[in-house]
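Below: one structure, written as structure tokens.
Within every chain, numbering begins at 1; the chains are lettered A, B, ... in the order of the sequence lines, protein sequences first and strands thereafter.
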There are 2 protein chains.
Amino acid sequence: MTGWIAVAGLGPGDDALVTPEVATALDQATDVIGYIPYVARVAPRPGLTLHPSDNRVELDRAHHALDLAAAGRRVVIVSSGDPGVFAMASALFEAVEAAGAEPDIRILPGITAMLAAAARAGAPLGHDFCAINLSDNLKPFALVEHRLRHAARGDFAMAFYNPRSRSRPEGFARVLEILREECEPERLLIFARAVSTPDEALSVVTLAEARPDMADMRTVVLVGNAATRRVGRWVYTPRSAGRA
Amino acid sequence: MTGWIAVAGLGPGDDALVTPEVATALDQATDVIGYIPYVARVAPRPGLTLHPSDNRVELDRAHHALDLAAAGRRVVIVSSGDPGVFAMASALFEAVEAAGAEPDIRILPGITAMLAAAARAGAPLGHDFCAINLSDNLKPFALVEHRLRHAARGDFAMAFYNPRSRSRPEGFARVLEILREECEPERLLIFARAVSTPDEALSVVTLAEARPDMADMRTVVLVGNAATRRVGRWVYTPRSAGRA
């Protein structure tokens, strides 16, 4: 048996947002590796070994996958959303580089959280936009600030991943302060929590109304550009833009 | 019969990348509206009317959908990729605003081209990134340049949609010049054409090697950040970042 690794995006939560490509890979797998709540989304069956692991052990997980594939196993590493957006694909290639391995790898894209959130809200990312991981686990907050200011001055719409955790509640408060320095108070923000799951909650507020406690680690925060506006219950960014 | 509109993302081309949610909406539809090559991806069946239309008539299409839904039809507007990323969702909300209508609308996310392209290349968007539409149909090139410089100075990875068309071949040449002013010559670029279709072609080059004719309107161009590197045939952006 020839081993392989597929890094698969499970989408934001609803099985109706899992691609057939990912479903097929899971059907063929002998082993599924990933963060506990993502592995819990995979149905157990005979012949399939589930390897759930805790958060922040991404590299261990990647090396485990390489070992299993080298032994001929068919391994799916599951990520929420898309595996290439703040998820397991980069960690796997870091491990490949460190190990000097050349396994059979496929990256299987998924519906990343910002696209699911944007769809629920309307079309807030309908013009140029940035995706920024606000977690400072792997980068200094100074870099977060640097990118935020460039994103705001470029009038990009923005999507923030991992906005807030219990271990660093102050970071997102600082993000809102920076946005208030760069953008007008009427700027629209969308707090989209656990989209497509039973816990889904969506709120649209202005920058003036936004509070740090509106976000947690299951929230994606979308920020419109200067032209983003409401129509009825929807928020959208027009396709045309004039100012530079 | 109560009419509705779903704006659905068909993904980059392969049916294995169409979500079950979108497949279900297409099964329920009475009418499918969209750009000719996207409507051509929907199988004809009794009871389903296909309404293919030419490029650059997005607002006409949106008003047509509103009229059909008001008459009780179940309308799917199809986009390639994700409907909220440089596609039909924003055009629909512009039409809703202009018409003062309040139809039943759902936006159904899809695998957008940059995620499919990134997956084929490895994980080039594995850290903070921007998506920029290089078409200057609806915005001045000065705004494209403004955003490019901010994206480069913020050390974002980038994804460029609509990089080049026959009607404006010079724009992408200017984009490469701006990147050369802002980034080092070793910066990695990925030209990803028609990913997941029979015409798929992927090439990885340095900024020094990049030429305008490497892109056409079926190409998504990905640009790494300063830390993006190769491992074997793959390109990835590490999760850690130090500099600000």
Side-chain angles (χ1 to χ4, degrees), chain A residues 14-21 24 58 82-85 89-91 93-94 96-97 102 105 107-112 115-116 118-120 122-123 125-133 138-140 142-143 146-147 150-151 153-156 231-232 234 236-244, chain B residues 14-21 24 82-86 89-91 93-94 96-97 102 105 107-112 115-116 118-120 122-123 125-133 138-140 142-143 146-147 150-151 153-156 231-232 234 236-244:
Chain A
D14 185 344
D15 285 346
L17 296 175
V18 178
T19 67
E21 182 179 70
T24 300
E58 288 81 5
D82 180 272
V85 178
S90 283
F93 290 112
E94 287 172 34
V96 166
E97 191 172 39
E102 285 187 55
I105 294 175
I107 311 295
L108 310 182
I111 304 292
T112 186
L115 298 185
R120 279 294 198 272
L125 304 179
H127 211 296
D128 304 331
F129 63 93
C130 295
I132 304 178
N133 187 348
L138 293 165
K139 66 182 167 187
L143 181 58
H146 177 77
R147 288 184 174 158
H150 277 293
R153 290 172 194 178
D155 195 27
F156 285 95
V231 51
W234 302 97
Y236 84 98
T237 300
R239 298 166 304 142
S240 296
R243 65 196 203 109
Chain B
D14 185 344
D15 284 346
L17 296 176
V18 177
T19 67
E21 182 179 69
T24 300
D82 180 272
V85 178
F86 313 128
S90 283
F93 290 112
E94 285 171 37
V96 167
E97 192 171 39
E102 284 187 57
I105 294 174
I107 311 295
L108 310 183
I111 303 292
T112 185
L115 298 186
R120 279 294 199 270
L125 304 180
H127 212 295
D128 304 330
F129 63 93
C130 296
I132 303 178
N133 187 348
L138 292 166
K139 66 181 168 188
L143 181 59
H146 178 77
R147 288 184 175 158
H150 277 293
R153 290 172 195 179
D155 195 27
F156 285 95
V231 52
W234 302 98
Y236 84 99
T237 301
R239 298 166 304 144
S240 295
R243 64 194 205 108

Check whether [X] gets within reach of chain A through its side chain, its backbone, both or neither, counting any heavy atom under 4.5 Å.
{"X": "B/D82", "answer": "side chain"}
{"X": "B/E94", "answer": "both"}
{"X": "B/A131", "answer": "both"}

Quick one: [atom1] on [X] to [atom2] on [Y], what's the gap to the nearest 0.5 Å?
{"X": "B/H150", "Y": "A/D155", "atom1": "NE2", "atom2": "CG", "result": "10.0 Å"}
{"X": "B/I111", "Y": "A/L108", "atom1": "CD1", "atom2": "CG", "result": "10.0 Å"}
{"X": "A/D128", "Y": "B/L143", "atom1": "CG", "atom2": "CG", "result": "6.5 Å"}
{"X": "A/S90", "Y": "B/L125", "atom1": "OG", "atom2": "CG", "result": "9.0 Å"}

**Request:** Return the option, out of A/P83, A/A116, A/A91, with the maximum number of heavy-atom pairs under 4.5 Å with chain B.
**Result:** A/A91

**Message:** If you count heavy-atom pairs within less than 4.5 Å of chain B, which of A/A151, A/A123, A/G154, A/G232 leads?
**Reply:** A/G154

**Asked** Going by heavy atoms in the side chains, are B/D15 and A/P20 under 4.5 Å from each other?
**Response**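 No; the side chains remain at least 4.5 Å from each other.
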
**Request:** Side chain from CB out, backbone as N, CA, C, O: work out which of these in A/Y236 comes under 4.5 Å of a heavy atom of chain B, or both, or neither.
**Result:**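 The side chain, not the backbone.
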
**Request:** Give the ring-plane orientation class for A/H127 versus B/F86, where under 30° counts as parallel, over 60° as perpendicular and anything between as tilted.
**Result:** perpendicular

**Item:** Whether B/E21 side chain and A/D14 backbone form a donor-acceptor pair below 3.5 Å
**Value:**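 Checking the backbone N and O of A/D14 against the side chain of B/E21, no donor-acceptor pair under 3.5 Å is found.
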
